[in-house]
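Have a look at the structure below, then the notes.
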Amino acid sequence: MFPPLRVGLSATLPPPNILVIFGATGDLTARKLLPALFDLFCARKLPAQFCIVGFARREKSDDEFRADARASAQRFARAKPDDARARWDEFAQRIFYHTGSFDSFDAYTRLAERLRELDTTYGTQGNRLFYLATAPEHYALIAERLGAAHLAPPGGPWERLIVEKPFGNDLASAHALNRQLLAIFDESQIYRIDHYLGKETVQNIFAFRFANTILEPLWNRNYVDHVQITAAESIGIENRGEYYDKAGALRDMVQSHLLQLVALTAMEPPVSFDATAVRDEKIKVLRAICPLCDRDVDDVVVRGQYDAYRTEPRVAPDSNTETFVALKLMIENWRWAGVPFYVRTGKRLAKRATEIQIHFKPVPHPLFAHDVGNGITPNVIALRIQPDEGIYWEFAAKRPGQAIQLSNVRMDFCYADSFGAAPGDAYETLLLDAMRGDATLFNRNDEVEVAWSLVMPILERWAQLPPPRFPNYAAGTWGPITADELLARDGRAWRAP
Ligand SMILES: NC(=O)c1ccc[n+]([C@@H]2O[C@H](COP(=O)([O-])OP(=O)(O)OC[C@H]3O[C@@H](n4cnc5c(N)ncnc54)[C@H](OP(=O)(O)O)[C@@H]3O)[C@@H](O)[C@H]2O)c1
């Protein structure tokens with residue numbers, strides 16, 4: 001018997017705990033965290049002994065914060081407080097607000113007292129989950145203050161820290177942040193978020209690859225011609241100009257989400273589904289990616305900026321920040337030697353879609369004459385991460401009729417059709433996993449640093465080059481023409497997701 005798949009799928013209730021959200025009046029808390037918590041509560045996946053304490057600077061009473069939380073849940077949760085009034089009232093009784101500044105020792109002393117009172121009233125047993133939903137410059141300070149305040153009473157209870165992305169803005173800052181956090185918390189207490197890993201279809205990559213016999217013999221250089229990974233947004237940067245203009249697509253998407261998707265697609269089967277085994281295999285892939293030298297960067301990395309980017313709010317009018325990146329990666333190991341992984345991401349592209357496509361080699365002998373097989377392309381398996389989560393396989397079939405004429409057809413697994421509902425939000429999975437102490441879907445310190453070390457040569461090379469000719473692509477397209485040329489040079493083409 002195989003052990004059951006444990007990744008994010010455990011059905012056990014988490015132990016009693018208090019979740020403290022630093023940055024409780026912010027956008028992430030309103031759009032993601034509180035709605036995810038209310039959905040979990042309505043699905044009875046949270047323990048009875050559970051509270052939420054929001055921590056932020058502006059003055060607010062518990063009731064005011066509850067009213068804000070209700071409005072967020074009404075707007076963003078699947079369960080609506082207006083329809084589930086009794087459940088909302090029960091949930092709201094567990095929500096509290098704590099005014100304080102991140103640098104104030106006094107705020108943490110008062111917080112510690114408050115948490116002890118809540119332990120007594122709600123039976124939360126001293127277990128604490130601290131969520132850093134704040135701008136990254138506050139992470140180290142909050143961790144340090146938490147360490148000084150000794151929030152967990154001694155003797156058994158656990159303290160864990162969830163750290164939002166971005167984790168650093170280059171290798172040096174990520175390394176420094178790891179050092180600062182690890183001075184206070186043990187690695188086993190730190191949960192670095194990459195919310196892509198909480199997505200149901202990203203976890204489904206594990207199930208698809210490692211719970212099905214028929215794929216493994218094909219999933220390698222003998223049968224795979226190349227891999228394409230696209231993470232496309234149709235929207236622009238919305239109101240994130242201040243952050244995005246300093247970050248850009250390489251930092252915002254490639255260093256984190258896209259390298260994670262590469263690692264999950266290319267990793268070896270782990271010996272078990274525990275955090276160490278899975279993360280060990282992912283990091284082996286990242287370490288096997290061939291580092292880029294200056295010439296490689298010029299040849300295999302493309303950047304772009306959409307036409308109206310420089311007029312977006314809080315973007316510099318002469319900004320050279322990239323809103324599009326495409327690159328070719330080579331993984332130098334036994335399984336993938338010689339198989340390019342083409343990765344692209346961008347804003348204001350033709351559609352919103354995140355998809356991993358495995359492009360197989362053509363058949364060795366073309367049995368069907370050119371005219372009857374016209375338009376037939378080699379097999380593709382695509383993992384659709386969003387939207388319409390699912391998996392499809394594209395293959396050739398004979399068209400009806402007496403003549404032999406072929407067409408590409410699809411077998412399509414759609415999550416919502418097969419399981420009757422669209423998958424839940426990634427934050428629901430990640431919050432529950434952190435409460436349960438399952439770090440499989442979170443990044444380890446070494447993973448984050450290796451991912452940064454892979455993008456550093458690109459950032460350094462770009463810093464040496466003269467300013468790029470931006471903007472270089474029109475909104476609603478698939479990015480700059482140079483991205484198409486990147487594949488055309490290898491005799492290949494992007495395939496729209
Ligand atoms: N928003 C998203 O969808 C999203 C998605 C992925 C990742 N993230 C990451 O999540 C983190 C939070 O993003 P966000 O968009 O929610 O930020 P935000 O809207 O700017 O919220 C920041 C929060 O921090 C609080 N704060 C700031 N300085 C403080 C201080 N000195 N003392 C106490 N509280 C202080 C603010 O409280 P006051 O307003 O009361 O001052 C507010 O609650 C960031 O690292 C971001 O990159 C966000």
Side-chain angles (χ1 to χ4, degrees), residues 19-37 52-62 64-65 68-69 71-72 75-77 95-111 130-146 149 161-169 173-174 177 181 190-199 231 233 235-249 251-253 255-258 260 313-314 345 347 352 354 386 425-431 434 442-443 448:
L19 170 67
V20 182
I21 302 176
F22 292 92
T25 55
D27 181 63
L28 180 72
T29 307
R31 284 196 312 112
K32 292 290 180 185
L33 304 185
L34 291 169
L37 289 161
I52 300 166
V53 176
F55 184 124
R57 193 167 33 188
R58 69 188 79 163
E59 293 282 344
K60 246 180 224 298
S61 65
D62 288 340
E64 283 167 336
F65 186 53
D68 294 345
S72 304
R75 189 155 168 223
F76 298 111
I95 302 180
F96 303 89
Y97 184 76
H98 186 80
T99 306
S101 180
F102 295 149
D103 58 356
S104 151
F105 285 102
D106 175 56
Y108 294 81
T109 310
R110 287 186 292 106
L111 176 66
F130 302 116
Y131 198 122
L132 304 186
T134 74
E137 60 264 29
H138 301 300
Y139 297 163
L141 174 72
I142 297 171
E144 190 200 304
R145 294 288 191 268
L146 285 172
L161 188 71
I162 301 185
V163 188
E164 255 301 333
K165 132 181 205 289
F167 197 94
N169 62 2
S173 57
L177 181 56
L181 299 183
I190 303 174
Y191 291 70
R192 296 173 193 78
I193 288 250
D194 182 329
H195 73 267
Y196 259 49
L197 295 179
K199 287 179 186 289
E233 292 281 356
I235 55 172
I237 53 162
E238 306 287 281
N239 53 2
R240 295 172 70 216
E242 195 174 333
Y243 157 74
Y244 197 91
D245 205 37
K246 287 187 213 116
R251 287 186 171 93
D252 188 47
M253 290 295 291
Q255 183 275 337
S256 48
H257 308 319
L258 289 178
Q260 284 294 322
R314 289 187 276 178
T345 182
K347 299 278 184 197
R352 172 179 176 254
T354 300
Q386 64 186 15
D425 191 81
Y427 279 92
E428 293 173 42
T429 305
L430 296 173
L431 282 162
F442 296 84
N443 284 329
V448 174

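Whatever order the structure lists ligands and atoms in, that order sets their numbers, starting from 1.
- At the shortest separation from atom 9 (C) of ligand 1 among protein heavy atoms lies Lys165 O, 3.3 Å.
- Considering backbone and side-chain atoms together, His195 places no N or O closer than 3.5 Å to any N or O of ligand 1.
- Of the protein's non-hydrogen atoms, Gly23 CA, 3.5 Å is the one closest to atom 24 (O) of ligand 1.
- Cation-pi contact between Arg192 and Phe167: present, with separation from the ring centre below 6.0 Å and deviation from the ring axis of at most 45°.
- The distance from ligand 1 to the heavy atoms of Ala24 drops below 4.0 Å at these ligand atoms: 43 (O).
- Shown here is Glu137, whose CD atom has more than 12 heavy atoms of other residues, nucleotides or ligands within 6.0 Å.
- Tyr97 and Phe65 have tilted rings, their planes meeting at an angle from 30° to 60° on a 0 to 90° scale.
- Side chain of Ser104 to main chain of Gly100: no donor-acceptor pair is present (N/O by atom type, distance under 3.5 Å, no hydrogens or angles).
- Taking any N or O of Asp27, backbone or side chain, at least one lies under 3.5 Å from an N or O belonging to ligand 1.
- Cation-pi geometry between Arg145 and Phe105 is satisfied (NZ or CZ under 6.0 Å from the ring centre, within 45° of the ring normal).
- The option from Leu28, Thr25, Leu141 that lies nearest to atom 10 (O) of ligand 1, judged by heavy atoms, is Leu28.
- Between Gly26 and ligand 1, a contact under 3.5 Å exists for at least one N or O pair.
- Ligand 1 places these atoms under 4.0 Å from at least one heavy atom of Pro136: 45 (O).
- For ligand 1, the atoms sitting less than 4.0 Å from at least one non-hydrogen atom of Tyr139 are 45 (O), numbered in the order shown with element in parentheses.
- Remark: minimum distance from atom 32 (N) of ligand 1 to any protein heavy atom is reached at Phe102 N, 2.9 Å.
- Side-chain atoms of Tyr427 never come within 3.5 Å of backbone atoms of Gly198 as a donor-acceptor pair (strictly under, hydrogens ignored).
- The protein does not reach atom 20 (O) of ligand 1 closely, with no heavy atom under 4.0 angstrom from it.
- Note: an N/O pair closer than 3.5 Å links Arg57 and ligand 1 by distance alone.
- Ligand 1 does not have Phe167 within reach: every non-hydrogen atom of the residue lies 4.0 Å or more from it.
- With a heavy-atom cut-off of 4.0 Å, Tyr131 does not touch ligand 1 at all.
- A salt bridge does not link Arg314 with Asp245: none of the charged nitrogens is closer than 4.0 Å to a carboxylate oxygen.
- Ion pair Lys165/Asp252 flagged as a salt bridge, since at least one NZ, NE, NH1 or NH2 atom sits closer than 4.0 Å to an Asp/Glu carboxylate oxygen.
- Looking at every heavy atom in both residues, Ala174 comes nearest to Val448 through CB-CG1, 4.4 Å.
- Listed by atom number, the atoms of ligand 1 under 4.0 Å from Ser101 heavy atoms are 31 (N), 32 (N), 33 (C).
- Of the N or O atoms in Arg31, one or more lie within a sub-3.5 Å distance of an N or O in ligand 1.
- Between Tyr244 and Glu238, every side-chain heavy-atom pair lies at or beyond the 4.5 Å cut-off.
- Among protein heavy atoms, the minimum distance from atom 45 (O) of ligand 1 is reached at Thr134 O, 2.8 Å.
- Ligand 1 lies nowhere less than 4.0 angstrom from a heavy atom belonging to Ala30.
- Close contacts of ligand 1 with Gly100, meaning ligand atoms under 4.0 Å from a residue heavy atom, involve 32 (N), 33 (C).
- When the heavy-atom distances from atom 7 (C) of ligand 1 to Glu164, Arg58, His138, Lys32 are ranked, the shortest goes to Glu164.
- No donor-acceptor pair closer than 3.5 Å links the side chain of Arg352 to the backbone N or O of Glu233.
- No donor-acceptor distance shorter than 3.5 angstrom exists from the side chain of Thr99 to the backbone of Ala56, with no hydrogens or angles considered.
- Near Pro166, meaning under 4.0 Å from any of its heavy atoms, are these atoms of ligand 1: 47 (O).
- Only the backbone of Ala133 comes within 4.0 Å of ligand 1, judged by heavy-atom distances.
- Ligand 1 lies out of reach of Lys60, whose nearest heavy atom is not under 4.0 Å from it.
- Between the side chain of Tyr139 and the main chain of Glu164, a donor-acceptor pair closer than 3.5 Å is present.
- Below 30°, between 30° and 60°, or above 60°: for Phe55 and His98 the angle between ring planes is between 30° and 60°, a tilted geometry.
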